[in-house]
Amino acid sequence: MSGRIPVIAGNWKMFKTNSEAGAYVAELLPLVADADSVEIIICPPFTSLAEVRRETEGSRVRVAAQNVHFEPEGAFTGEISLGMLREIGISDVILGHSERRQYFCENDADLARKVSAALGAGIRPILCVGESDQERESGRTGEKLGSQLRGGLASIDGGQLAGMIVAYEPIWAIGTGKTATPQIAQETISFIRGTLAQQFGAEAAASVRILYGGSVKPGNISELMTEPDIDGALVGGACLSATDFAQIVKFG
Ligand code: PGA
């Protein structure tokens with residue numbers, strides 16, 4: 001037993017209006033009320049964060065943002081600060097999702113600033129890393145993950161790493177229905193843990209939770225969760241249904 005508490009996080013991406021968010025939370029909470037050995041996180045769009053946070057008050061469900069800016073405030077049109085998230089009770093933030101890297105040009109240097117600013121503000125980062133199809137096929141997975149980890153975690157120490165979450169999300173498995181086999185996910189996450197051990201020491205690497213993400217569904221979560229290094233899942237499409245998400249929280 002690793003002693004690491006499993007985490008199931010649902011990334012809503014750009015789905016659900018505020019009223020749809022309210023209906024979802026009302027449906028979800030009773031379904032996961034007895035799932036007390038798993039940490040549950042939902043990640044709505046900015047417009048619903050405050051509402052979802054209010055509605056989950058007193059429950060075990062944590063609420064995360066999908067992005068944040070690293071500066072405390074300023075002339076950054078369209079951006080949201082850590083202080084704004086903190087004031088409404090947001091505890092976690094997804095950083096470096098492959099869609100942000102691909103469509104919004106986020107790079108590892110931006111992410112290093114976001115990770116350390118979030119930790120400094122008391123908001124836990126969920127840093128996403130992952131390789132593309134071509135990178136895997138040409139044997140460059142390790143190189144890509146190594147550079148994302150070194151870059152994105154450049155400004156923190158081992159104690160801080162232990163308190164955050166890393167998500168391994170192979171780009172070829174996101175929204176494609178093509179899940180990494182449990183063996184590939186385990187092998188790659190074990191590689192990530194080894195890389196973190198070199199960077200931050202064995203103790204920090206053994207404490208950090210590392211999630212798998214990419215086409216996770218009620219039907220494949222249980223076999224993923226039997227792997228020793230997989231500490232949970234970051235779920236996209238399947239989390240949009242409260243019943244499917246609740247099933248994933250209970251490992252199918
Ligand atoms: P998916 O997305 O579950 O729809 O593949 C995962 C993610 O992008 O976090």
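These values consider heavy atoms only, across backbone and side chains, with no hydrogens, waters or symmetry-generated copies. For ligands, and for the atoms within them, numbers begin at 1 and follow the listed sequence. Throughout, residue positions are numbered sequentially from 1 according to the sequence presented.
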Query raised in the report: Under 3.5 Å, is there a donor-acceptor pair linking the side chains of H97 and Q66?
Result: no
**Report entry** Pair W172-Q134, side-chain donor/acceptor within less than 3.5 Å
**Finding:** no
Query raised in the report: With ILVMFWY side chains joined below 4.5 Å, transitively, what does F104's cluster contain besides itself?
Result: Y103
Query raised in the report: So, S132 and E135: side-chain donor and acceptor under 3.5 Å apart, yes or no?
Result: yes
Mind listing the N or O contacts between ligand 1 and protein, cut-off under 3.5 Å?
unit_1: ligand 1; atom_1: 2 (O); unit_2: K13; atom_2: NZ; d: 3.4
unit_1: ligand 1; atom_1: 3 (O); unit_2: S215; atom_2: N; d: 3.4
unit_1: ligand 1; atom_1: 3 (O); unit_2: G236; atom_2: N; d: 2.9
unit_1: ligand 1; atom_1: 4 (O); unit_2: G237; atom_2: N; d: 2.8
unit_1: ligand 1; atom_1: 5 (O); unit_2: G175; atom_2: N; d: 2.6
unit_1: ligand 1; atom_1: 5 (O); unit_2: S215; atom_2: N; d: 2.7
unit_1: ligand 1; atom_1: 8 (O); unit_2: K13; atom_2: NZ; d: 2.7
unit_1: ligand 1; atom_1: 8 (O); unit_2: H97; atom_2: NE2; d: 2.6
unit_1: ligand 1; atom_1: 9 (O); unit_2: H97; atom_2: NE2; d: 3.3
unit_1: ligand 1; atom_1: 9 (O); unit_2: E169; atom_2: OE1; d: 3.3
unit_1: ligand 1; atom_1: 9 (O); unit_2: E169; atom_2: OE2; d: 2.7

Query raised in the report: At what distance, to the nearest 0.5 angstrom, does CG of L95 lie from CZ of R113?
Result: 13.5 Å
Query raised in the report: Does E57 pair with R54 as a salt bridge, N-O distance under 4.0 Å?
Result: no
